[in-house]
Amino acid sequence: MPPAATRSTILRLINASQHSACPCHGCRSATHTHGSMALNQLRKFATPVNAVEKEYAFEVAASNLRFGEGVTREVGMDLKNMKARKVGVFTDPIVAKLKPMATALESLHVGGGSVMDTAKAANLFTVYGDSDLMDFVNAPIGKGLPIAQSLRPLIAVPTTAGTGSETTGTAIFDVTSRAFKTGIANRALKPVLGVVDTANTESCPTEVHISAGLDVLFHSLESYTAIPYTQRTPRPANPILRPAYQGSNPVADIFSMWALRTTVKYLPRIAKDRTDHEARSQMLLAASFAGIGFGNAGVHLCHGMSYPISGLNKKGPKYKHPGYQVDHPIIPHGVSVALTGPAVFQFTAPSSPDRHREALAIFNNTTVTDPSITSIPDSEIGCYLYESIARFLDGLGVPRGLKAVGYNKDDVPMLVEGTLPQRRVLDLAPNIGDVAGEDGREHLTRIMEASLEY
């Protein structure tokens with residue numbers, strides 16, 4: 001029989017158990033520090049390793065939502081309930097002439113994603129009036145400073161079923177000097193209320209419905225296939241530094257998958273008949289669900305590459321998408337995202353074959369247990385998904401690749417250079433390695449080249 005443990009041995013064990021390493025930020029005891037010092041002494045005799053701690057937590061943040069036909073009429077009461085004394089109304093010249101603006105009166109801001117994002121940035125500067133915009137823009141383009149002060153209450157009313165901006169703390173805008181888009185992503189920017197009124201998309205042209213719906217589609221797909229939140233680095237030293245785009249997580253997955261199924265089912269119906277009330281209603285709800293999904297998980301390659309595709313168009317191909325009543329070249333955001341879609345998900349499939357298999361089943365209008373899906377080897381999922389996404393886009397009349405909007409192979413290096421600064425989203429891309437290094441540049445080049453035509 002082994003000898004009984006001594007009192008000093010037991011005390012050492014208790015002390016060790018009470019001071020073991022903990023993943024939270026505050027648990028850094030003296031015992032832990034001394035142990036780390038001893039370990040570091042040993043490491044001097046081994047190959048040096050720069051340890052970067054991975055994330056261990058995720059947060060869920062979204063605006064309150066109110067969904068239903070005619071709910072725009074309630075916004076005045078909301079502002080009264082908030083005891084608002086000064087109200088700013090943000091819209092654009094087209095929406096200003098439409099029913100949603102008339103219904104809203106002078107009690108809120110109304111518009112599509114661009115207007116809502118403008119309102120978020122304006123709201124930021126009601127508090128940070130002496131700051132520079134680039135202080136808050138995502139690094140490395142800007143400084144990416146946290147927003148520590150509370151902003152004014154913001155009510156967002158979408159008039160398109162696309163961006164999901166009514167649910168998120170993200171504001172995207174053009175950096176005209178660099179010919180691409182970037183943005184600010186911070187939970188403090190999210191509206192206090194999103195008023196999702198199905199009556200407000202009645203006047204949308206078919207082409208706008210399709211482009212907005214493509215944004216929903218790829219918000220869903222990208223957030224569901226982003227790296228898991230536990231793989232994101234570095235772990236924030238303070239919770240206020242945890243990014244809004246955290247990587248895929250269990251809560252975001254639920255919203256993203258519902259939005260994906262709904263979009264695949266109802267977007268083709270709107271493309272055929274924009275007066276289809278059920279389809280319009282479901283797409284508006286899908287946009288908000290996808291907003292909650294990607295607002296907490298993030299997007300990756302399709303969106304990262306879309307920013308130079310649309311930004312460089314004004315000086316390059318000068319493509320003007322049919323159905324848009326504007327006097328300047330435009331590749332609508334949803335279209336610019338979709339152009340690389342087939343190639344992107346062929347590339348990302350090896351990172352999580354099961355998730356990509358689920359997406360394939362949805363595009364093929366079946367389940368993951370269908371023999372036509374289960375019989376596909378993991379190594380071939382990407383090829384099948386490529387074809388299914390391409391077929392879906394064909395049915396919506398989306399241009400078949402970058403060449404269809406005027407780009408050619410000589411433009412690929414320029415498009416890659418415009419993509420590389422988009423670290424906010426590229427760092428969530430699976431399968432790409434060091435985005436800022438040569439491997440990232442090489443992968444992006446191959447995806448762009450594969451997206452020239454399909």
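Since we're looking at a predicted model, the values are computed, not measured. Atoms considered below: every heavy atom in the structure, side chains included; atoms not considered: hydrogens, waters and symmetry mates.
Looking at residues two or more places apart in sequence or on another chain, you find no ring-ring contact (aromatic ring centres under 6.0 Å, His included) involving Tyr386. Residues meeting the ring-ring contact (aromatic ring centres under 6.0 Å, His included) test with Tyr229, sequence neighbours left out: Phe58. By the side-chain contact (heavy atoms from CB on, under 4.5 Å) test, Pro146 pairs with Ile240, Leu241, sequence neighbours left out. Contacts of His333 classified as ring-ring contact (aromatic ring centres under 6.0 Å, His included), with partners at least two apart in sequence or in another chain: His303.
No salt bridge links Arg232 with Asp427; every basic N to acidic carboxylate O contact stays at or beyond 4.0 Å.
Under the 4.5 Å side-chain criterion, counting only non-hydrogen atoms from C-beta, Leu124 is in contact with Leu151. Contact check for Arg424 versus Thr170: side-chain heavy atoms found under the 4.5 Å cut-off. Using a 4.5 Å heavy-atom threshold, the side chains of Ile254 and Trp258 count as separate. Within the 4.5 Å cutoff, side-chain heavy atoms of Arg66 are placed close to those of Glu74. At a threshold of 4.5 Å between non-hydrogen side-chain atoms, the residues Glu69 and His277 count as touching. Residues Val335 and Leu214 are in side-chain contact: their nearest non-hydrogen atoms beyond the backbone lie under 4.5 Å apart. In this structure the side chain of Val127 never reaches within 4.5 angstrom of the side chain of Ile147, judged on heavy atoms. Side-chain contact between Asp411 and Leu312 is absent, with no heavy-atom pair separated by less than 4.5 Å.
Judged by distance alone, with hydrogens and angles left aside, the side-chain atoms of Thr126 form a donor-acceptor pair with the main-chain N or O of Asn123 at under 3.5 Å. Proximity of a side-chain donor or acceptor of Lys120 to a complementary backbone N or O of Ser165 within less than 3.5 Å is detected. Within the 3.5 Å criterion, the main-chain N or O of Asp132 finds a donor-acceptor partner in the side chain of Asp135. Side chain of Thr103 to backbone of Arg73: no donor-acceptor contact under 3.5 angstrom is found. The backbone N or O of Cys204 sits less than 3.5 Å from a side-chain atom of Arg274, completing a donor-acceptor pair. Without hydrogens or angle criteria, Asn138 side chain to Gly183 main chain gives a donor-acceptor distance under 3.5 Å. Formation of a donor-acceptor pair under 3.5 Å by the Asp197 side chain with backbone atoms of Thr72 is found in this model. No donor-acceptor pair closer than 3.5 Å links the side chain of Arg242 to the backbone N or O of Ala237. Asn431 contributes no side-chain N or O that, together with a main-chain N or O of Ala429, makes up a donor-acceptor pair within less than 3.5 Å. Judged purely by atom type and a 3.5 angstrom limit, Asn313 uses its side chain to pair as donor or acceptor with the backbone of Lys318.
Considering all non-hydrogen atoms of both residues, Thr198 and Arg280 come closest at O-NH1, 2.8 Å. The nearest pair of heavy atoms linking Ile210 to Ala271 is CD1-CB, 3.9 Å. When all heavy atoms are compared, the tightest approach of Thr201 to Ala161 is CG2-N, 4.2 Å. The two residues Val368 and Arg357 have their closest heavy-atom pair at CG1-O, 4.1 Å. The shortest heavy-atom contact between Phe392 and Thr263 is CZ-O, 4.1 Å. Closest approach of Ser220 to Val216, counting heavy atoms only: OG-O, 2.8 Å.
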With side-chain contact (heavy atoms from CB on, under 4.5 Å) as the criterion, how do Asp276 and Tyr266 come out once you've worked through the C-alpha distance, each side chain's angles and the decisive distance to 0.1 Å? CA-CA 9 Å; Asp276 185 329; Tyr266 288 104; 5.9 Å; no

side-chain contact (heavy atoms from CB on, under 4.5 Å) between Glu55 and Gln246, intermediate numbers included: CA-CA 9 Å; Glu55 179 62 279; Gln246 304 170 92; 5.8 Å; no

Under the side-chain contact (heavy atoms from CB on, under 4.5 Å) criterion, do Arg235 and Val52 qualify, and how do the steps go? CA-CA 8 Å; Arg235 179 187 300 178; Val52 178; over 6 Å; no

Kindly determine whether Ser306 and Thr340 satisfy side-chain contact (heavy atoms from CB on, under 4.5 Å), including the steps that lead there. CA-CA 8 Å; Ser306 77; Thr340 60; over 6 Å; no

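Residue Met116 holds its CE atom at 9.0 Å from OG1 of Thr167, rounded to the nearest 0.5 Å. With values rounded to the nearest 0.5 angstrom, Thr159 atom OG1 is found 11.0 Å from Met101 atom CE. One distance of note links CD1 of Ile331 with NZ of Lys320; it measures 13.5 Å at 0.5 Å rounding. With rounding to the nearest 0.5 angstrom, the CG atom of Leu415 is 5.5 Å from the OH atom of Tyr407. Rounding to the nearest 0.5 Å gives a distance of 11.0 Å between NZ of Lys97 and OG1 of Thr91. To the nearest 0.5 Å, atom CG of residue Leu217 and atom CG of residue Leu267 are 7.5 Å apart.
Residues Ser256 and Ser223 bring a donor and an acceptor atom of their side chains to less than 3.5 Å of each other. In the model, Asp370 has a side-chain atom that pairs as donor or acceptor with a side-chain atom of Ser372 under 3.5 Å.
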Check residues 284-301 and write down every donor-acceptor pair under 3.5 Å in which the side-chain atom is one partner and the other belongs to a residue at least two apart or another chain.
from	atom 1	to	atom 2	distance (Å)
Ser288	OG	Glu166	OE2	2.6
Asn296	OD1	Ala61	N	2.7
Asn296	ND2	Ala61	O	3.0
Asn296	ND2	Ile292	O	2.9
His300	NE2	Glu222	O	3.3
His300	NE2	Thr225	OG1	2.9

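Counting heavy atoms of neighbouring residues, nucleotides and ligands inside a 6.0 Å radius, atom OH of Tyr384 does not exceed 12 of them. Counting non-hydrogen atoms of neighbouring residues, nucleotides and ligands closer than 6.0 angstrom, the NZ atom of Lys265 reaches no more than 12 such neighbours. Other residues, nucleotides and ligands contribute over 12 non-hydrogen atoms within 6.0 Å of the CG atom of Asn408.
Ring geometry, Phe218 versus Phe345: the interplanar angle falls under 30°, so the pair is classed parallel (tilted spans 30 to 60°).
Within the structure, side chain to side chain donor-acceptor pair (under 3.5 Å) contacts touching residues 442-454 (residues at least two apart or in different chains) are Lys403-Glu453, Glu442-Arg446.
Annotation: cation-pi pair Arg355/Tyr224 present, NZ/CZ under 6.0 Å from the ring centroid and within 45° of its normal.
Exactly one residue among Ser336, Pro317, Pro399 makes a side chain to side chain contact (heavy atoms under 4.5 Å, CB included) with Val405. That residue is Pro399.
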